[in-house]
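If you scroll down you'll find the structure; I have some questions about it.
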Amino acid sequence: MIQLIKGFKDVLPGEIEVWQTIERAAKETFENFGFQEIRLPIVEKSELFSRSIGDTTDIVEKEMYTFEDGKRGHVTLRPEATASVVRSYIQHKMYAKDPIRKFYTIGPMFRRERPQKGRYRQFYQIDAEVFGIDSPYLDAQIIFMLATLLETLKARDVKAHINSLGCPCCRPSFQKALKELLDAKKEHLCENCLRRSEKNPLRVLDCKVPACREAVQGAPSILDHLCDDCSDHFETVKRVLTENGVEYAVDKHLVRGLDYYTRTAFEVLTTSLGAQNAVAGGGRYDGLVKALGGPEVPAIGFAIGFDRLAEIVAMQQSIEAKGPALYIAPLGERAIEAAAHWMMQLAAKGVSCETDFGGRSLKSHMKRADKLNATHVLMLGDDELDKGMATLRNMATKEQGDLPLDGLVETLAERFK
Ligand code: AMP
């Protein structure tokens with residue numbers, strides 16, 4: 001038997017209801033905040049990711065699914081959505097009409113990470129991006145929007161962690177101070193961090209290797225190096241979050257794995273999922289649109305790990321599949337043909353409907369209707385057909401009564417729509 005590949009998974013009925021609930025809530029919440037949906041390809045030129053995410057990140061260094069595609073050169077299954085959203089924003093000159101655009105997109109991402117609980121090679125993200133606004137009010141607003149969605153979904157045990165990564169003006173002085181510390185701790189750093197401390201020391205703060213974490217314990221805080229503008233920006237974000245009731249913690253070591261972030265960076269962490277505790281992550285990336293060949297447009301965004309959020313939501317509430325409004329239980333060939341006709345007519349009129357063409361007994365029909373969680377069952381055999389009547393049973397109250405077959409579709413459509 002062929003089985004699925006490790007690190008990949010099926011989302012089956014029983015679990016999908018939670019996913020659908022999350023997706024509906026995300027769409028509604030984001031649209032209330034002025035976001036529009038955008039759908040993008042899963043495959044992009046590899047260069048898009050190496051240029052935007054950065055050559056020294058885990059993702060680009062070792063996690064991308066890249067293959068050669070003839071004349072097109074190297075292409076990659078997207079490891080995240082931001083780069084594609086930015087590419088699309090630039091390619092379609094979306095800034096020409098109005099530089100301010102707010103998008104969300106939901107779909108699969110691919111990273112060749114070591115599979116474990118909460119970490120998959122194909123996982124899903126709910127991604128939101130805003131272009132054209134550099135105000136700190138927006139930073140606070142999108143963290144608020146994320147918190148609102150989590151609250152709507154009753155996802156408890158989650159908290160926003162925020163930091164500022166400064167800007168090209170003030171970050172170099174922090175990088176210098178950090179580099180000095182890293183040089184002094186060289187013998188404690190892992191191989192990756194040794195290399196990164198040369199190319200991009202900030203990334204060492206993001207390393208999960210215990211020895212590296214220990215080594216950077218006493219690292220300087222970027223918050224002590226912010227220029228006045230970045231400092232004011234960060235203070236406003238914190239103040240607006242507080243004023244709007246969003247709980248957060250400042251985490252001076254939060255750096256995000258991606259190279260293009262400036263100023264506000266944030267993560268939503270949970271205490272419910274064990275080691276893979278990040279539910280969402282995001283931040284401002286004011287330099288990326290220009291770096292990818294677009295105009296100088298500031299931007300900010302975040303991505304929610306859909307799989308992890310689904311796990312949290314499923315832990316805290318049970319969302320069950322809704323059964324059909326009507327199960328038609330036909331007894332005999334003529335009744336089966338009538339049931340086939342009615343099911344098509346009713347489903348087409350918006351009544352969720354199920355039946356069975358297999359010639360079951362009434363007992364067996366009732367068993368299946370029960371299993372499917374049908375709210376009503378319509379029973380009919382040849383006798384009923386001759387009399388022009390069928391029996392309708394309410395599965396919850398067990399009440400039943402006769403229903404004329406004449407105008408049946410209209411009567412039921414009216415009642416169950
Ligand atoms: P990132 O793009 O790395 O900032 O990831 C954003 C969110 O996506 C994280 O906070 C996780 O919730 C989720 N995520 C990232 N990588 C994986 C993965 N391999 N499996 C499942 N979820 C992931």
Side-chain angles (χ1 to χ4, degrees), residues 4-11 15 18-19 22-23 26 40 42 44 48-49 52-54 56-65 76-86 104-129 142-143 146-147 149-150 153 155 157-163 165 202-203 205-208 251 254-261 264-285 288 299-315:
L4 54 68
I5 309 164
K6 199 158 181 240
F8 292 75
K9 66 173 187 185
D10 301 324
V11 185
E15 195 185 348
V18 171
W19 286 64
I22 293 174
E23 195 160 327
L40 302 164
I42 284 168
E44 297 267 10
L48 175 66
F49 302 113
S52 62
I53 299 172
T56 58
T57 53
D58 281 351
I59 295 179
V60 173
E61 275 179 345
K62 50 187 189 199
E63 294 171 359
M64 295 210 302
Y65 281 96
T76 294
L77 299 185
R78 64 179 182 193
E80 54 104 52
T82 305
S84 304
V85 180
V86 175
Y104 71 87
T105 191
I106 303 175
M109 309 295 154
F110 302 83
R111 295 182 196 172
R112 197 187 275 113
E113 296 192 82
R114 194 167 58 78
Q116 54 179 271
K117 191 179 170 333
R119 197 203 271 167
Y120 311 101
R121 290 186 159 188
Q122 176 177 337
F123 58 100
Y124 293 76
Q125 285 187 341
I126 304 173
D127 184 84
E129 315 285 347
I142 75 157
I143 298 172
L146 179 53
L149 174 64
L150 296 172
L153 292 167
D157 307 325
V158 289
K159 189 166 185 173
H161 291 240
I162 63 171
N163 193 20
L165 302 180
L202 225 71
R203 300 264 358 273
L205 295 175
D206 204 23
C207 183
K208 302 282 181 280
D251 177 352
L254 193 161
V255 287
R256 309 283 301 126
L258 314 179
D259 276 353
Y260 48 71
Y261 287 95
T264 314
F266 57 94
E267 263 185 333
V268 173
L269 303 182
T270 176
T271 46
S272 321
L273 291 183
Q276 303 306 319
N277 64 347
V279 182
R284 190 163 266 293
Y285 52 93
L288 184 62
I300 183 168
F302 65 77
I304 303 173
F306 202 147
D307 312 65
R308 295 185 193 172
L309 180 57
E311 230 182 287
I312 297 176
V313 172
M315 260 183 236

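When a ligand or atom number is given, it counts from 1 through the structure's own listing order.
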Short side-chain donor-acceptor distance under 3.5 Å, Gln276 and Gln116
yes

Short version for Glu267: what comes under 4.0 Å of ligand 1, heavy atoms counted, is neither

Hey, is Arg119 touching ligand 1 through its side chain, its backbone, both or neither, going by heavy atoms under 4.0 Å?
both

Note, Ser52 side chain near Val86 side chain (heavy atom, < 4.5 Å):
no

Within the 4.0 Å heavy-atom cut-off, what Arg111 brings close to ligand 1 is side chain

With the threshold set at 4.0 Å, does a side-chain nitrogen-carboxylate oxygen contact exist between Asp206 and Lys208?
yes

Regarding ligand 1, does Gln125 bring an N or O atom to under 3.5 Å of one of the ligand's N or O atoms?
yes

With the threshold set at under 4.0 angstrom, would you say Pro79 reaches ligand 1 through any of its heavy atoms?
no

Please find the pair of heavy atoms, one from Leu146 and one from Ala280, that lie closest to each other, and give the distance.
CD2-CB, 4.0 Å

Backbone N or O of Ala81 within a donor-acceptor pair of the Asp127 side chain at under 3.5 Å?
no

I need the contact type for Leu309 against ligand 1. Using non-hydrogen atoms and a strict under-4.0 Å cut-off, is it side chain, backbone, both or neither?
neither

Heavy atom of Val279, distance to ligand 1 below 4.0 Å
yes

Proximal candidate to atom 20 (N) of ligand 1 [heavy atom criterion; set Phe302, Tyr120, Phe306]
Tyr120

Using the side chain to side chain donor-acceptor pair (under 3.5 Å) rule, take Gln122 and Tyr124 through it: C-alpha gap first, then chi angles, then the decisive distance, then the call.
CA-CA 7 Å; Gln122 176 177 337; Tyr124 293 76; 2.9 Å; yes

Both conditions, 6.0 Å and 45 degrees, for the charged tip of Arg78 above the ring of Phe49: are they met here?
no

Which of the listed options, Gly118, Ala278, Ala303, holds the heavy atom that is closest to atom 21 (C) of ligand 1?
Gly118

